[in-house]
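Keep in mind the model is a prediction, meaning the values are calculated, not measured. The basis for the numbers below is simple: all heavy atoms, side chains too, and nothing from hydrogens, waters or symmetry mates. To find a chain, count down the sequence lines: A is the first, B the second, and so on, and within it residues start at 1.
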Number of protein chains: 2
Amino acid sequence: MINARRNSEEGSTARSRLSRLAPLDADAVRLLEEAARTSYALRARQELLSAGSSIEAPLILLDGWAARARILPDGRRQIVSLLVPGDVTGVSDLPEPLSSATIVALTPVHVCAAPPRGASAALDLAYAVSRAHDEAFLLAQITRLGRMNAQERIMDLLLELRDRLDLAGLVRDNSFDVPLTQETMSDALGLTPVHVNRMLQAARKAGDLVWTGKRITLSDPARSARELGRVPLRVRAG
Amino acid sequence: MINARRNSEEGSTARSRLSRLAPLDADAVRLLEEAARTSYALRARQELLSAGSSIEAPLILLDGWAARARILPDGRRQIVSLLVPGDVTGVSDLPEPLSSATIVALTPVHVCAAPPRGASAALDLAYAVSRAHDEAFLLAQITRLGRMNAQERIMDLLLELRDRLDLAGLVRDNSFDVPLTQETMSDALGLTPVHVNRMLQAARKAGDLVWTGKRITLSDPARSARELGRVPLRVRAG
DNA sequence: CGCACCTTTGAAAGGTTTCAACTTCTGTGG
DNA sequence: CCACAGAAGTTGAAACCTTTCAAAGGTGCG
């Protein structure tokens with residue numbers, strides 16, 4: 001289940017994304033490369049971390065997608081946030097923190113333990129920005145679920161993913177890979193898979209997006225963003 | 001608008017709550033008392049902090065209720081979280097952090113700047129636990145909005161508030177003050193005020209709760225919690 | 001080629017919203 | 001202490017969005 005890997009390509013997405021959150025010095029890059037050297041692989045549907053279990057160390061998702069989810073006793077599932085390549089999760093100021101949600105791989109993934117805090121000031125700043133982003137994404141998710149209809153939820157989530165993937169350097173010409181099934185999307189959006197399917201068709205017919213295979217192309221993200229009242233994410237002054 | 005106050009009673013709720021998150025030593029208590037001495041009052045509907053503005057210092061809500069909210073361009077409002085007496089908000093590891101939501105007083109409130117981090121190890125631990133709680137509440141809010149129906153949302157929120165108020169020593173015999181209008185609840189629950197009203201009546205008829213004036217009494221919180229699959233909040237091991 | 005998984009479709013039921021009016025509270029001023 | 005105004009709570013009927021259930025197409029991979 002845990003396969004140590006030696007692929008130096010692995011960490012590049014994480015480095016790319018983190019360096020856009022805060023400038024990384026040579027020291028930070030070295031720490032990241034070292035961490036990536038002991039990455040391991042998980043298959044889709046495997047759990048990276050289960051709710052209530054203790055968080056040994058922050059994780060970096062080097063490759064692939066994952067989801068933080070909560071399950072209700074009757075089986076209903078809510079994805080509270082999606083993790084895309086380069087994301088860091090599990091950073092806490094608490095000694096012996098416990099996970100408040102289950103993290104499950106949505107695709108085959110490669111993960112590694114993140115360098116601990118305190119080892120690099122540049123990295124610590126990147127972690128702080130990353131955490132602030134994560135909180136902003138949670139607030140955005142709440143607003144989506146509470147006050148948007150199905151069409152708005154879908155487009156708003158895709159725009160968020162676009163922005164996030166852009167930070168990792170994974171967007172080209174408004175198109176990007178989204179390896180989510182409609183069922184997974186429905187768990188993230190608080191909808192049924194059937195309804196996601198119908199609204200996605202409506203969005204395609206309206207010319208808002210093209211979705212072929214795993215790749216999405218947004219026709220006019222700027223316009224869509226304006227219509228939804230999305231504003232650029234800023235978490236610190238200056 | 002800002003009235004310095006000299007009421008030594010003020011900080012007691014905050015002390016009480018924080019000390020249940022982590023044991024406070026004499027030093028921490030002194031810092032809290034000092035901070036509470038320069039509290040100020042705001043009327044209901046006034047903003048404590050507006051979205052996008054910079055967070056000068058963490059805030060302690062000494063008294064009264066507030067809400068963190070996001071407003072959509074067409075006026076729809078989503079309350080992302082409620083702040084109850086004793087809550088701390090705005091703790092960040094970021095230099096010059098910006099607020100990602102507007103904080104508005106729901107009742108007349110007294111707030112003060114929290115002692116800065118680094119001044120007391122005990123207090124820092126309390127802040128860390130408080131932050132972990134806040135994150136768990138956001139996840140709970142997401143699950144409520146995404147996967148619960150109106151009745152479940154209402155009861156689940158009330159149970160969460162009960163637990164939180166309990167930490168501040170504000171629950172007696174399963175009853176506690178909830179100074180929320182049905183409209184405010186609807187903004188927190190992603191529903192219309194009309195529907196909140198109807199579902200509240202249903203809950204009363206079903207004997208699940210009594211709500212007179214501003215005071216709520218839950219008939220059988222343990223049973224309700226079980227039915228909703230709520231589990232005790234734990235954010236750290238040991 | 002066949003099984004598993006994902007997407008698509010239809011029709012009916014259901015939960016929630018909308019709109020508009022009415023009633024009950026609560027606090028303030030006469 | 002009562003009258004009044006504004007805020008909050010309540011009610012009804014119809015429209016609307018989303019879900020449910022069930023089944024039929026696609027697609028990819030061993």
Rounding to a whole Å, what distance do you find between [X]:[atom1] and [N]:[atom2]?
X	N	atom1	atom2	result
A/Asp187	C/dC6	CG	C1'	14 Å
A/Lys214	C/dC5	NZ	P	14 Å
B/Met148	C/dG14	CE	P	23 Å
B/Leu200	D/dA8	CG	P	15 Å
B/Met199	C/dG14	CE	P	15 Å
B/Asn197	D/dT11	CG	P	7 Å
A/Ile154	C/dT7	CD1	P	12 Å
B/Glu183	D/dG6	CD	P	17 Å

Strictly below 4.0 Å: does A/Gln182 bring a side-chain N or O up to OP1 or OP2 of C/dT8?
yes
Can you find a side chain N or O atom of B/Gln201 that sits less than 4.0 Å from OP1 or OP2 on D/dT11?
yes
Counting any heavy atom closer than 4.0 Å, what does A/Arg204 reach on the DNA or RNA strands: base, sugar-phosphate only, or nothing?
sugar-phosphate
With a 4.0 Å cut-off on heavy atoms, is A/Arg45 in touch with a base, just the backbone sugar-phosphate, or nothing at all?
sugar-phosphate
Return a single string for nucleotides 19-30 of chain D, one symbol per nucleotide in 5' to 3' order, where B is base contact, S is sugar-phosphate-only contact and - is none, cutoff 4.0 angstrom on heavy atoms.
BBB---------
So does A/Arg223 pair up with A/Glu227, basic N to acidic O under 4.0 Å?
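Looking at A/Arg223 and A/Glu227, the cut-off is met.
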Is the shortest heavy-atom distance from the side chain of [X] to the side chain of [Y] under 4.5 Å?
X	Y	answer
B/Thr107	B/Arg43	no
B/Leu145	A/Ile142	yes
A/Leu161	A/Val84	yes

Go through it in stages, so that I can follow the logic: the residues are B/Asp156 and B/Arg230, the test is side chain to side chain contact (heavy atoms under 4.5 Å, CB included), and I'd like the CA-CA distance, side-chain angles, deciding distance and then a yes or no.
CA-CA 8 Å; B/Asp156 190 69; B/Arg230 287 181 62 83; 3.0 Å; yes
Hey, mind stepping through A/Gln78 and A/Gln141 against side chain to side chain contact (heavy atoms under 4.5 Å, CB included) and telling me if it holds?
CA-CA 11 Å; A/Gln78 177 61 47; A/Gln141 172 78 332; 3.6 Å; yes
Please tabulate, one pair per line, all N/O donor-acceptor pairs under 3.5 Å involving side-chain atoms of residues 168-175 of chain A, not counting sequence neighbours.
residue: A/Asn174; atom: OD1; partner: A/Arg162; partner atom: NH1; Å: 2.7
residue: A/Ser175; atom: OG; partner: A/Arg172; partner atom: O; Å: 3.1
residue: A/Ser175; atom: OG; partner: A/Arg215; partner atom: NE; Å: 3.2
residue: A/Ser175; atom: OG; partner: A/Arg215; partner atom: NH2; Å: 3.4

